[in-house]
Amino acid sequence: MEKETKNHKITDCTLYWCNLHEPNQYSDKYQVNATNLSGSDTKALKKLGLTVHDGKEKGKPEMGLYVVAKAMRPVAVVDSQKNTIEDTSNIGNGSKGNVFISAFDYDHATGGKGVGCGLQSVQLTELVEYSPVAMFEEVKGGYVQAATATTTSDEDPFKDV
């Protein structure tokens, strides 16, 4: 028996934990948290049977109401003009966009059953660039790496090669 799938486009949400360039290390899936859901999106997702999480209850009030959408394979990611974004590794927390999901029933032989939130595609409308050092500030009087010597020359080092 084929499982019924229901689709929904979440609009104008905030993206957190974007693992769109490689699978998440814990779930081994591509995923994104679609956060700060509007009232109409929240209502539609609940009607599909999806669990809508409350960031306040999870100690993350900045996330508001949210869902975690996952996929087993890479998904299409496009910009505001529907141009494909090839390198998605720089999409950071707080980016904005639209997320197309599918809600599907699952019933595992091990006893788990419910409604899953499948990630279909993402449209990025505002980029907050991820940087692994962005969370740091300069520390006055702290350690500073010594400058490395560089050679500057107008001569072409490859002319005799």
J.: Among all residues two or more places apart in sequence or in another chain, which pass the side chain to side chain donor-acceptor pair (under 3.5 Å) test with S40?
T.: S38

J.: Taking side chain as C-beta onward, heavy atoms only, is N93 less than 4.5 Å from Y130?
T.: no

J.: Does any part of the side chain of N7, heavy atoms only, come nearer than 4.5 Å to the side chain of F100, both counted from C-beta?
T.: yes

J.: Excluding sequence neighbours, so at least two apart, what forms side chain to side chain donor-acceptor pair (under 3.5 Å) with K96?
T.: T14

J.: Please determine whether residues V52 and L119 belong to a single hydrophobic cluster, defined as Ile, Leu, Val, Met, Phe, Trp and Tyr linked transitively by side-chain heavy-atom distances below 4.5 Å.
T.: yes

J.: Around atom CG of D28, are there more than 12 heavy atoms of other residues, nucleotides or ligands at under 6.0 Å?
T.: no

J.: Is there a chain of hydrophobic side chains (I, L, V, M, F, W, Y, each step under 4.5 Å between heavy atoms) that links V122 to L50?
T.: yes

J.: Tell me, please, which residues at least two apart from Y66 pass ring pair (Phe, Tyr, Trp, His ring centres under 6.0 Å).
T.: H53

J.: Hey, what do you get for CD1 (I91) to CD1 (I85), rounding to the nearest 0.5 Å?
T.: 5.5 Å

J.: Rounded to the nearest 0.5 Å, how far does OG1 of T42 lie from CG of D54?
T.: 9.5 Å

J.: If you define the side chain from C-beta out and look only at heavy atoms, does anything of V99 sit under 4.5 Å from V67?
T.: no

J.: What side-chain donor-acceptor pairs closer than 3.5 Å can you find for residues 71-79, not counting sequence neighbours?
T.:
from: D79; atom 1: OD1; to: Q81; atom 2: N; distance (Å): 2.8
from: D79; atom 1: OD1; to: K82; atom 2: N; distance (Å): 3.1
from: D79; atom 1: OD1; to: N83; atom 2: N; distance (Å): 2.8
from: D79; atom 1: OD1; to: N83; atom 2: ND2; distance (Å): 3.4
from: D79; atom 1: OD2; to: N83; atom 2: ND2; distance (Å): 3.1

J.: Of all residues at least two apart in sequence or in a different chain, which pass the side chain to side chain contact (heavy atoms under 4.5 Å, CB included) check with K43?
T.: none

J.: Please list, chain by chain and in numerical order, all residues satisfying side chain to side chain contact (heavy atoms under 4.5 Å, CB included) with V128, sequence neighbours excluded.
T.: S95

J.: Ignoring hydrogens and angles, write down the donor-acceptor pairs under 3.5 Å from the side chains of residues 18-26, residues two or more places apart or on other chains.
T.:
from: N19; atom 1: OD1; to: N24; atom 2: ND2; distance (Å): 3.3
from: N24; atom 1: OD1; to: Y26; atom 2: N; distance (Å): 2.6
from: N24; atom 1: OD1; to: S27; atom 2: N; distance (Å): 3.2

J.: Any side-chain heavy atom of E86 sitting closer than 4.5 Å to one from T84?
T.: yes

J.: Please report the interatomic distance CD1(I10) to CD(Q123), rounded to the nearest 0.5 Å.
T.: 13.0 Å

J.: Do T35 and N33 meet the criterion of a side-chain donor-acceptor pair at a distance under 3.5 Å?
T.: no

J.: Treat each ILVMFWY residue as a node, draw an edge where side-chain heavy atoms are under 4.5 Å apart, and state whether M63 and L37 are in one component.
T.: no

J.: With rounding to the nearest 0.5 Å, note down the distance linking CG in D12 to CG in N36.
T.: 11.5 Å

J.: Identify whether V68 and Y30 are in the same connected component of the hydrophobic contact network (ILVMFWY, side-chain heavy atoms under 4.5 Å).
T.: no

J.: Any heavy-atom pair between the side chains of Q120 and I101 that's under 4.5 Å?
T.: no

J.: Distance check, rounded to the nearest 0.5 Å: K6 atom NZ versus K47 atom NZ?
T.: 10.5 Å

J.: Distance check, rounded to the nearest 0.5 Å: L124 atom CG versus N98 atom CG?
T.: 9.5 Å

J.: If you apply the rule side-chain contact (heavy atoms from CB on, under 4.5 Å), what do you find for K9 with D41, and how did you get there?
T.: CA-CA 8 Å; K9 181 176 78 171; D41 279 327; over 6 Å; no

J.: Search all heavy atoms of V115 against all heavy atoms of G49 and return the closest pair with its distance.
T.: CB-O, 3.4 Å

